[in-house]
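What follows is a set of notes on a single structure, which appears directly below.
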2 protein chains.
Amino acid sequence: MAGGVIAFALEKGMSMSGTQAPDKGSPRAGWKQDPEGVRANILAIALEEFSTNGLSGARMDEIAAKTKTSKRMIYYYFGDKESLYLKALEAAYRKVRQGEEELALDHLPPKDALERLVEFTFDHHRNNPAFIRLVMIENIHHGRYLEQSDEIKSLNRAAISKIETLYSRGVADGVFRMGIEPLRIHWLISAMSFFNVSNAMTFSMLFGPELQTADGQGALRGDVREAVLRFVAV
Amino acid sequence: MAGGVIAFALEKGMSMSGTQAPDKGSPRAGWKQDPEGVRANILAIALEEFSTNGLSGARMDEIAAKTKTSKRMIYYYFGDKESLYLKALEAAYRKVRQGEEELALDHLPPKDALERLVEFTFDHHRNNPAFIRLVMIENIHHGRYLEQSDEIKSLNRAAISKIETLYSRGVADGVFRMGIEPLRIHWLISAMSFFNVSNAMTFSMLFGPELQTADGQGALRGDVREAVLRFVAV
DNA sequence: GCCATAATTAACCGTCTGGTACATTTCGCT
DNA sequence: AGCGAAATGTACCAGACGGTTAATTATGGC
């Protein structure tokens, strides 16, 4: 990628290719052509399509149709379908991890911090179903594409070290029991938060939709917090 | 999930279509033609292929090639691709749920029973990755096919009632706290056991393979048991 | 032995789909 | 203005893929 200062507007709002645009944030403002905007637009649509239909299920023609540009441009910028998928996956990870960085835990007491981390993660996953689905898809492909992205791997170690400091503080304070690897705490939080979104459809299909209601989600959110806090308690 | 010589026995007893087979369980033993065997063979291969490649990723020609029979036969018995997928999904569920019924919990004290249920579920999921993958795929398709199967839905309510009696006993004995819906306990156990298999690839890709080693899995198994027991403890 | 039906074979087909060839326009620069 | 490079539009293609046509063989009951 190495695109430099690209404003990565994955969402709808992005630089327009109108006659002129006096905005400052957009690079090359005023241009009739807007390559970076086109790239971003393609990525956003691709993310949506791959997330909905899977890698082999997504159709390049369909992606192209939903884009502001043409199929030709997709190949021009991304080469082929798999590369596009990989770029979309990377973009999704970047966007999500970026959201996670806003979370400040160091000023809170360990238990409160952990509580907040759990609830944040739960909500965060819930609010990013497209990302969750992409990860599911990636798992079905045995992580073959994630493997190719050096960029993504580095992003994730940070999440662990965040827990590491938090947990150490808790142990020092005597409120957390010793001997748990931070990675396993992360695993625990992830497992429940992820499953809640990833398996929502089959679960509610098999056992009824009650856990997907506002009340149900509230209860699960509380359960996850409770389970994690009790897990680390002395 | 050894992919070698197929002995899957998905349906009623199947038999080889060799020159002759003097087995007793097999219907129409000694026949040159063996329709049920062919059906079962197709289903077994289809399950494997769909589980590996997804619904749109799986190729009918590939399935046919791996079968003892021809593509024509697949359409003869199953109609089209989606129907075959549905039947494979049903067969997978049937096989898995069947294994679950062997678990006897009523004679154990509540805590031991729950412990055993958790460990059983954890192991069971771990030992049925193809099934897990099919469920993932089904979730990506929004449960569209699971929805069509009345058969599967009925199978699953049993799992809940098993927990229900177990939990009630625990509450009566004063070892479990009150006010938890059995469904949420099932959710908790499922979430962790499922995630452990479903997200194994991406997780170990991002955070290292240590949780997938024998030791790592042992630790996680203990964690899940611990988390559930602590969750329901008074 | 004969027949209706189930099971099976092999070649074939129309369309969908990822990917391209080639001509054309737009842009930054001088 | 004019030039080389980047960006784009149009039309197209070769192969893959789900599904089928039509003819053939096996099977069990009578």
Side-chain angles (χ1 to χ4, degrees), chain A residues 2-4 6 15-21 26-43 45-46 49-50 52-88 145, chain B residues 11 14-21 26-43 45-46 49-50 52-88 145:
Chain A
I6 303 136
S15 50
M16 55 234 71
S17 61
T19 32
Q20 77 252 58
S26 170
R28 306 187 175 187
W31 275 26
K32 194 169 176 185
Q33 292 182 169
D34 180 11
E36 294 307 333
V38 170
R39 277 184 84 102
N41 177 239
I42 293 172
L43 267 184
I45 303 290
E49 286 296 303
F50 284 127
T52 306
N53 303 105
L55 173 51
S56 42
R59 299 286 162 240
M60 295 300 279
D61 285 305
E62 187 67 17
I63 294 174
K66 294 188 178 175
T67 298
K68 292 185 308 189
T69 180
S70 65
K71 187 163 70 157
R72 176 68 185 79
M73 283 295 93
I74 299 177
Y75 286 96
Y76 181 68
Y77 283 122
F78 297 96
D80 62 5
K81 193 184 190 185
E82 297 199 353
S83 299
L84 176 61
Y85 169 78
L86 178 57
K87 295 297 183 192
Y145 300 93
Chain B
E11 300 275 6
M14 52 168 276
S15 61
M16 297 298 128
S17 65
T19 32
Q20 77 252 59
S26 167
R28 307 185 174 187
W31 275 25
K32 196 168 174 187
Q33 292 182 171
D34 180 10
E36 294 305 332
V38 169
R39 277 185 83 102
N41 176 239
I42 293 173
L43 266 184
I45 302 290
E49 285 295 304
F50 283 127
T52 306
N53 303 106
L55 173 51
S56 43
R59 300 286 162 236
M60 295 300 280
D61 286 307
E62 187 67 17
I63 293 175
K66 294 187 178 176
T67 298
K68 293 183 309 190
T69 179
S70 65
K71 187 163 71 157
R72 179 65 186 82
M73 283 294 92
I74 298 176
Y75 286 96
Y76 181 69
Y77 283 123
F78 296 97
D80 62 6
K81 192 185 189 183
E82 298 199 351
S83 300
L84 176 61
Y85 169 78
L86 179 58
K87 295 295 186 195
Y145 301 92

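Numbers restart at 1 for each chain; the letters A, B, ... are given by sequence-line order, proteins then strands. The structure presented is a predicted model; accordingly, all values stated were derived computationally and were not measured.
Within the model, atoms OH of Y85(B) and NZ of K81(B) stand 11.0 Å from one another, a figure rounded to the nearest 0.5 Å. The distance from the CD1 atom of I63(A) to the OG1 atom of T69(A) is 13.0 Å, given to the nearest 0.5 Å.
In terms of position on DNA chain C, the residue among K71(B) and E82(A) whose nearest nucleotide sits closer to the 5' end is K71(B).
Phosphate proximity of dG19(D) to R72(B): absent, as no side-chain N or O sits under 4.0 Å from OP1 or OP2. In terms of phosphate contacts, S70(A) brings no side-chain nitrogen or oxygen within less than 4.0 Å of OP1 or OP2 of dT8(D). For dT9(C), the OP1/OP2 oxygens have a side-chain nitrogen or oxygen of T69(B) closer than 4.0 Å. Within the 4.0 Å cut-off from OP1 or OP2 of dA6(D), not a single side-chain nitrogen or oxygen of Y77(A) is found.
Residue contacts for A58(B): at a heavy-atom cut-off of 4.0 Å it reaches the sugar-phosphate backbone alone, with no base atom in range.
Between M73(A) atom CE and dT26(C) atom P the separation is 13 Å, expressed in whole Å. As rounded to whole Å, 17 Å separates atom C1' of dC12(D) from atom CE of M60(A). The OH-C1' distance, from Y76(A) to dT20(C), rounds to 15 Å in whole Å. A straight line from CZ of F78(B) to P of dG19(D) spans 14 Å, rounded to a whole angstrom. Straight-line distance from the OH atom of Y75(A) to the P atom of dC13(D): 17 Å, rounded to whole Å. Nucleotide dG18(D) holds its P atom 11 Å from the CD atom of E49(B), rounded to whole Å. Going from atom CG of D61(B) over to atom P of dT15(C) covers 18 Å, rounded to whole Å. If you take CD1 of I74(B) and P of dT9(C), they are 12 Å apart, rounded to a whole angstrom.
Without hydrogens or angle criteria, N41(B) side chain to K68(B) main chain gives a donor-acceptor distance under 3.5 Å.
Taking the side chain as every heavy atom from C-beta outward, T67(B) and M73(B) never approach each other to under 4.5 Å.
Figure legend: cation-pi geometry between R39(A) and F78(A), with NZ or CZ positioned under 6.0 Å from the six-membered ring centre and within 45° of its axis.
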